Protein chains: 2
Amino acid sequence: MRGVEALSAINSRPTAVVIADQLRESIIDGAFAPGDQVNEALVASRLNVSRGPVREALHRLVQEGLLLARPNRGVFVQELDARDVAEVFAAREVIECAAGEIVTGRDADRREAAADRLTAIVDRMQAAFDAGDWPRLGRIDLEFHTALVADAGNSRLDRAYATLATEALICLTHFPGAYPERSNVVPGHRELIELVRSGTMEELHRALHEHLSVDDHRLHGHDADGDLRHGRPEGDAVASQP
Amino acid sequence: MRGVEALSAINSRPTAVVIADQLRESIIDGAFAPGDQVNEALVASRLNVSRGPVREALHRLVQEGLLLARPNRGVFVQELDARDVAEVFAAREVIECAAGEIVTGRDADRREAAADRLTAIVDRMQAAFDAGDWPRLGRIDLEFHTALVADAGNSRLDRAYATLATEALICLTHFPGAYPERSNVVPGHRELIELVRSGTMEELHRALHEHLSVDDHRLHGHDADGDLRHGRPEGDAVASQP
DNA sequence: TCGATGCGGATTGTTGACAATCTGCACGTG
DNA sequence: CACGTGCAGATTGTCAACAATCCGCATCGA
């Protein structure tokens, strides 16, 4: 019984979760274009599983807002327009500022620990930047912000933010204008860390606002379908109040 | 072709959604106690449907955080402790304050319209209060706050808030101490409306903070399982960042 | 007596087949 | 030629059976 500690828990994650993760990555990468139909049977045969798990995975992504299900018609990749991008970034700012408020309000030791965690992430960002790996840069960027929110210690905010982070990644893929000048990315995050370390909440709010503001003109010209908005999927996460 | 306009779109909502709604209500009502197991086959036979839709409905509620799925074991009603209640109310304050910031920042006409919508809801609250129908009072209460968030016009915030509202309702059922003195409920909401109407953001923030603050001592003695916290369900909504 | 081990019951996970529903096109009719 | 109608194809929605997995308990050995 010596080597047991070297064994890592086998992650026999449910098939549906694996499929959902894979599809999510494909959507983020842009392998599925917005508006594309995602066929249950097709995906199932491609992955050599039956339609059951695929169906479950698709519904999962529908609830996340990545896919849109039209009853008896099919599920389609949700189309994002400039308004969606603005919504996502505005919502992110709401949650991140709240997290920042909590984190900066703590004592210096805890702020220091949080700053260290974030610094480790930014170091990886720097590496991705040096390598010119922009997709990875984007992912680590969102990982940074997710970690910031996680530091607030409110799992409900985590849950809400996770969805937004995924949507933001998609926005980055389809709206190149939404991402700031790449050379500013790493320094910008280091600034956020310093504000966490020093515990200056107002400054952090300002920096986050700047960090997450999406200028309309930056988006202009990238919007695929203009003003057209879809309603929320019928089978949404929570029933509307009666 | 005269009477067609009187016809309302038949809402043949998917079976799974209907089941999910029904289960959600049962959980809110307390018909399922926290920790109880919810058996797929049992629910299916009770509702005269196969396990498929039931399974889908359960997974839906797991993603909402109402149920906890233990792989190959079963799904159980999520147990809430005082910490969860605090989290839910803190997260609600975050989102509602953000919504308040947006709404109060608009011009007087739009604020007035929002206030009118909210007033209609509070009037129904008053009716529930007069009737002594506390469960209904709680639901309309959350409906009020959901409407406030909806007025901000950010569907991402709506989505996040919907889950929190459901969890808050469950908290109200299982932690009677979380709800303020009932006679204060209606006046408290009318105060919020007035602050929306007058557009005084700081005051609205203060009022919301007061409205949503959960005193530890109010909760004390209602917590079923003390400090024991469960991890998030493995099959959670969004994969952890790599 | 205490701990490991194998077995049985229960529950979820998965599958393939069948039914219901919707859309788009071709056809017939005024 | 315009409009309504019926059909065909495709896709999701639902179902019941099978397989895999896990927990709890009885058993066995030191």
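Chain naming here is simple, since letters A, B, ... match the order of the sequence lines and numbering starts at 1 in each. As the structure is a prediction and not an experimental result, all values here were calculated from the model.
- To the nearest 0.5 Å, atoms CG (A/D133) and CZ (A/R139) are separated by 9.5 Å.
- Taking CD1 from B/I95 and CG from B/L157, the interatomic distance works out to 6.0 Å, rounded to the nearest 0.5 Å.
- In this structure, CZ on A/R51 lies 12.0 Å from CG on A/L42, to the nearest 0.5 angstrom.
- The list of ring pair (Phe, Tyr, Trp, His ring centres under 6.0 Å) pairs with a residue in residues 136-156 of chain A, not counting sequence neighbours, reads A/F144-A/H189, A/H145-A/H189, A/H145-A/H211.
- Considering every non-hydrogen atom in both B/E87 and A/N154, the closest pair reads O-ND2, 3.1 Å.
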Atom pairs under 3.5 Å: protein N/O with N/O of nucleotides 6-8 of chain C:
none

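- The bend of the helix from C/dT1-D/dA30 to C/dG30-D/dC1, defined by the angle between the axes of its first five and last five pairs, stands at 0° to the nearest 10°.
- The CD1 atom of B/I121 lies 11.0 Å from the CG atom of B/L142; values are rounded to the nearest 0.5 Å.
- Here A/I19 contributes atom CD1 and A/R24 contributes atom CZ; the two are 12.0 Å apart, rounded to the nearest 0.5 Å.
- For residues 31-84 of chain B, there are no ring pair (Phe, Tyr, Trp, His ring centres under 6.0 Å) pairs, not counting sequence neighbours.
- Applying the salt bridge (charged side-chain N to carboxylate O under 4.0 Å, His left out) definition to pairs two or more places apart or across chains, none involves residues 66-76 of chain B.
- Nearest heavy-atom pair, B/A114 versus B/D151, reported as atom, atom and distance to 0.1 Å: CB-OD2, 3.6 Å.
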Letter by letter from the 5' end, nucleotides 10-16 of chain C scores (B base, S sugar-phosphate only, - none; protein heavy atoms under 4.0 Å) -SBBBBS

